There are 2 protein chains.
Amino acid sequence: MPKRADLSDTFCPVGRSAELLGDRAVLLILRDLFFGRRRFEAIAANTGLGPQLVSARLKLMEKQGVVERHAYQERPPRHEYRLTAKGKDLFDVLYAMRNWAERWAYEAGEAASGPAMRYIHRACGADVGTSTICPECGEVLRYGDLKGEPSAALKAEQAAKGA
Amino acid sequence: MPKRADLSDTFCPVGRSAELLGDRAVLLILRDLFFGRRRFEAIAANTGLGPQLVSARLKLMEKQGVVERHAYQERPPRHEYRLTAKGKDLFDVLYAMRNWAERWAYEAGEAASGPAMRYIHRACGADVGTSTICPECGEVLRYGDLKGEPSAALKAEQAAKGA
DNA sequence: GATAGTAACTATGATAATCATAGTGACAAG
DNA sequence: CTTGTCACTATGATTATCATAGTTACTATC
């Protein structure tokens, strides 16, 4: 393909987000970062993306200011990637994607066994289901407010990928 | 590239969403549909995407059940694309992307002139800013609840594209 | 009634992004 | 001194994307 069209100078906010978020690899890496997977190899293994794609996207995300590269030891040199405040603020987007998928992206048979991932509101202990705000206490859900419990199927899948 | 990895059978809900939403063209087309642009040529012009990309993505979106192709006249045959309930339910995702971009994706100079797009809550008349729920009446914002007013710069940009 | 116009596409070729696989550098452990 | 781990980089085949041009089915204008 020719170089993909640049959207970073559009005035439309959705266009600007799409410049970064309209990319499968970026979304998958963000998901892993939100789940606490910070090491390069762990992200590559869980996402199933090749190392040069992970490398390229992490560099891009660092340039965009959503992740920070951080050395967690000197000898041998080892790095991890952390979400910045700008990155953590993408929680709403990822959470909305999760909610939509839980509502629409599973077949009847799959859905019967409950959501792929249950989320509990730490503040009040309620199962939030797929709502934007907590159905029990009515609070807006933010980064860190939820405790996730993957279904057995999801747990098995992740284990199979060695992540 | 080789065929891109298929995520439609992951158990992870974000992965399933990423299968559809991790694509610049899909996001831009969805944006246009949410703004009421339903005709093929209008979407192609405003997104700046080539006709075969728009065609391919609309077919995909139709297959996924987020849009419906609808003939609005017989002679000559003319079609438009409409969001289905499943498509309209993506509002939360697009709105979260918009909010994030308004908060983070503009330079100081650009941001000074206010948001690229102002949204008013129809029910109470309040400017919602970049919040998930209405800052005045506290209600969760859904598809159709908001009235958007593009900034002068955004209006000029769209006019220049002939949309 | 021949030319121009519009909407909704399809066809073609050049370019570039992606995947799979293999390899590298820096060290630690056995 | 061979094996192992982490964090990558290099290479080559494949395929998606973009830009441009062309097609189909009509209506409207000269």
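Values below: all heavy atoms of this structure, side chains included; hydrogens, waters and symmetry mates excluded. Numbers restart at 1 for each chain; the letters A, B, ... are given by sequence-line order, proteins then strands. Since the model is a prediction, treat every value here as computed from it, not as a measurement.
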Taking CZ from B/F40 and P from D/dA25, how many angstroms apart are they, rounded to a whole number?
-> 17 Å
Distance (rounded to the nearest 0.5 Å) between B/R103 CZ and B/R98 CZ | 9.0 Å
What pairs of nitrogen or oxygen atoms, one from the protein and one from nucleotides 2-6 of chain C, lie under 3.5 Å apart?
from, atom 1, to, atom 2, distance (Å)
C/dT6, O2, B/R78, NH2, 3.2

Once you round to the nearest 0.5 Å, how far does CD of B/E80 lie from CD1 of B/I43?
-> 9.5 Å
Take the protein atom CD of A/Q73 and the nucleotide atom P of C/dA26, then report the distance between them rounded to whole Å.
-> 15 Å
Rounded distance (Å) that lies between atom C1' of C/dA17 and atom CG of B/L53 = 14 Å
Could you check how far NE2 of B/H79 sits from P of C/dA8, rounded to whole Å?
-> 8 Å
Decide yes or no for B/H70 and B/H79: does some side-chain heavy atom of the first lie under 4.5 Å from some side-chain heavy atom of the second?
-> no
Roughly how many Å is it from CZ in A/R39 to C1' in D/dC6, rounded to a whole number?
-> 8 Å
What integer distance in Å separates A/E19:CD from C/dA17:C1'?
-> 14 Å
Are any of B/Y72's side-chain N or O atoms less than 4.0 Å away from OP1 or OP2 of C/dA8?
-> yes
Is any side-chain nitrogen or oxygen of B/Y81 closer than 4.0 Å to OP1 or OP2 of C/dC9?
-> yes
Are A/F35 and A/F40 connected, step by step, through hydrophobic side chains (Ile, Leu, Val, Met, Phe, Trp, Tyr) whose heavy atoms are closer than 4.5 Å?
-> yes
Check every strand shown and say whether B/R57 touches a base, only sugar-phosphate, or nothing at a heavy-atom separation below 4.0 Å.
-> sugar-phosphate
Flag, side chain of A/K161 to backbone of A/N46, donor-acceptor distance under 3.5 Å | yes
Interatomic distance where CG belongs to B/D23 and P belongs to D/dT17 [whole Å] | 6 Å
Output yes when at least one side-chain N/O atom of B/S55 is less than 4.0 Å from OP1 or OP2 of C/dA8, else no.
-> no
Just checking, is any N or O donor in the side chain of A/D89 or B/W104 under 3.5 Å from an acceptor N or O on the other one?
-> yes
Selection: residues 58-69 of chain B, any non-hydrogen atom under 4.0 Å of DNA chain C = B/K59, B/R69
Starting at atom CZ of B/R24, determine the distance to atom C1' of D/dC18, rounded to an integer number of angstrom.
-> 12 Å
For this output row, return yes or no: ring centroids of A/F34 and A/Y143 closer than 6.0 angstrom.
-> yes
Checking B/S55 side chain against B/P51 main chain: does a donor-acceptor pair fall under 3.5 Å?
-> no
Is a side-chain N or O of B/R82 found less than 3.5 angstrom from the main chain of B/R38, in a donor-acceptor match?
-> no
